[in-house]
Amino acid sequence: MPPEENFFTKVFQVCKQIPRGKVTSYGAIAKAIGSPQSARMVGWAMNKSFSFKESIPAHRVVNRIGMLSGKKAFGDPKLMQQLLEQEGIPVKDDQVQDFQKYYWEPDGIL
DNA sequence: CACTTGACGTCGT
DNA sequence: GACGACGCCAAGT
C-alpha cells in the first residue's frame with residue numbers, strides 16, 4: 001500500500017480550484033493540503049499529473065517568484081507560457097508579470 | 001538497500 | 001535586495 005493517493009487528490013483538487021486567469025505557488029498549495037514544507041512534493045505531483053486521468057491545469061501553478069519552473073514538463077516549454085497568456089496572464093522571460101496581482105491563495109481543503 | 005535528483009521554500013550572509 | 005547553503009519528502013536508478 002503504497003502511498004496515499006489522497007496526497008495527489010488534494011493537490012489536484014486545489015489545482016482545479018484555481019480560477020482562470022489566476023496563478024498560485026507550490027508552497028501555497030502545500031500549505032493548503034497540510035504539508036507546508038512539502039512544496040517540492042506538490043511540484044512532483046504536478047509532473048505526475050500529466051499521467052493522471054483527469055486534466056490538471058498545472059500551468060496555473062508556479063513557484064513563489066512566479067517563474068515557470070516546470071514549463072519543460074509540458075513537452076514544449078512554450079506551451080505553459082502560451083496557456084498562461086491565453087488565460088490573460090502576461091508572461092515574460094518565463095516569469096509571470098504582476099505575479100502578486102494574479103496570485104491566488106488556494107482554500108485549505110482541510 | 002543507499003545515493004541522487006527534483007515543477008520549492010526559508011534562513012543566513 | 002541578491003546570492004548561497006540547508007532542509008523536506010518521495011521517486012527513480
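Just so it is clear, the values below take in all heavy atoms, side chains as well, and ignore hydrogens, waters and symmetry mates.
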Please list, chain by chain and in numerical order, all residues satisfying side chain to side chain donor-acceptor pair (under 3.5 Å) with A/S69, sequence neighbours excluded.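 Only A/N63 meet the side chain to side chain donor-acceptor pair (under 3.5 Å) criterion with A/S69.
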Any pair counted as salt bridge (Lys or Arg N to Asp or Glu O under 4.0 Å), so long as it reaches residues 87-97 of chain A, sequence neighbours left out: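 Of all non-adjacent pairs touching residues 87-97 of chain A, those that pass salt bridge (Lys or Arg N to Asp or Glu O under 4.0 Å) are A/R60-A/E87, A/K71-A/D94.
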Of all pairs that satisfy salt bridge (Lys or Arg N to Asp or Glu O under 4.0 Å), the ones with a partner from residues 15-32 of chain A, not counting sequence neighbours: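 Those involving residues 15-32 of chain A do not exist here.
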Apply side-chain contact (heavy atoms from CB on, under 4.5 Å) to residues A/M46 and A/F12 and explain how you reach the verdict. CA-CA 8 Å; A/M46 290 285 91; A/F12 296 149; 3.9 Å; yes
Could you give me the CA-CA distance, side-chain angles and deciding distance for A/V62 and A/M80, then say whether side-chain contact (heavy atoms from CB on, under 4.5 Å) is met? CA-CA 10 Å; A/V62 294; A/M80 189 173 185; 4.0 Å; yes
Side-chain donor/acceptor pairs under 3.5 Å, residues 96-110 of chain A, sequence neighbours excluded:
unit_1 : atom_1 : unit_2 : atom_2 : d
A/Q97  : NE2    : A/Q95  : O      : 3.2
A/Y103 : OH     : A/S25  : OG     : 3.2

Side-chain heavy atoms nearer than 4.5 Å, only ILVMFWY residues, links allowed to pass through others: does that put A/I89 and A/L79 together?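 They do share one cluster, since a chain of ILVMFWY contacts under 4.5 Å joins A/I89 to A/L79.
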Contact class for A/S25 (heavy atom, under 4.0 Å): base, sugar-phosphate, or nothing?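 Sugar-phosphate, backbone atoms only, no base.
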What are the residues of [range], sorted by number, that bring a heavy atom to within less than 4.0 Å of DNA chain B?
{"range": "residues 26-34 of chain A", "value": "A/Y26, A/G27"}
{"range": "residues 36-49 of chain A", "value": "A/A39, A/R40, A/M41, A/G43, A/M46, A/N47"}
{"range": "residues 89-105 of chain A", "value": "none"}

Nearest 0.5 angstrom please: A/T24 OG1 to A/Q17 CD, how far?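 Between atom OG1 of A/T24 and atom CD of A/Q17 there are 10.5 Å.
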With side-chain contact (heavy atoms from CB on, under 4.5 Å) as the test, would you mind laying out the steps for A/W44 and A/F8 before giving the verdict? CA-CA 10 Å; A/W44 175 79; A/F8 289 84; 3.0 Å; yes
Verify side-chain contact (heavy atoms from CB on, under 4.5 Å) between A/V23 and A/V61, making sure each step is shown before the conclusion. CA-CA 6 Å; A/V23 291; A/V61 185; over 6 Å; no
Those residues that, when tested against A/Q37, pass side-chain contact (heavy atoms from CB on, under 4.5 Å) (two or more places apart):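 Counting only residues at least two positions away or on another chain, A/Q37 forms no side-chain contact (heavy atoms from CB on, under 4.5 Å).
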Intra- and interstrand pairs of DNA chain C - dot-bracket, Watson-Crick/G-U under 3.5 Å, | marks other strand: .||||||.|||||
Would you list the protein and nucleotides 10-13 of chain B atom pairs, both N or O, that sit under 3.5 Å from each other?
none

Just so I know, are the side chains of A/I29 and A/C15 near enough to count as touching, which here means a heavy-atom distance under 4.5 Å?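 Yes, at least one pair of side-chain atoms sits under 4.5 Å.
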Detail all sub-3.5 Å separations between protein N/O atoms and N/O atoms belonging to nucleotides 1-5 of chain B.
none

Supply the members, apart from A/M67, of the Ile/Leu/Val/Met/Phe/Trp/Tyr cluster built from side-chain contacts under 4.5 Å; use none for a lone residue.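 A/M67 clusters with A/I65.
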Examine B/dC8: is either OP1 or OP2 under 4.0 Å from a nitrogen or oxygen in the side chain of A/S69? Give yes or no.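 Yes, within the criterion.
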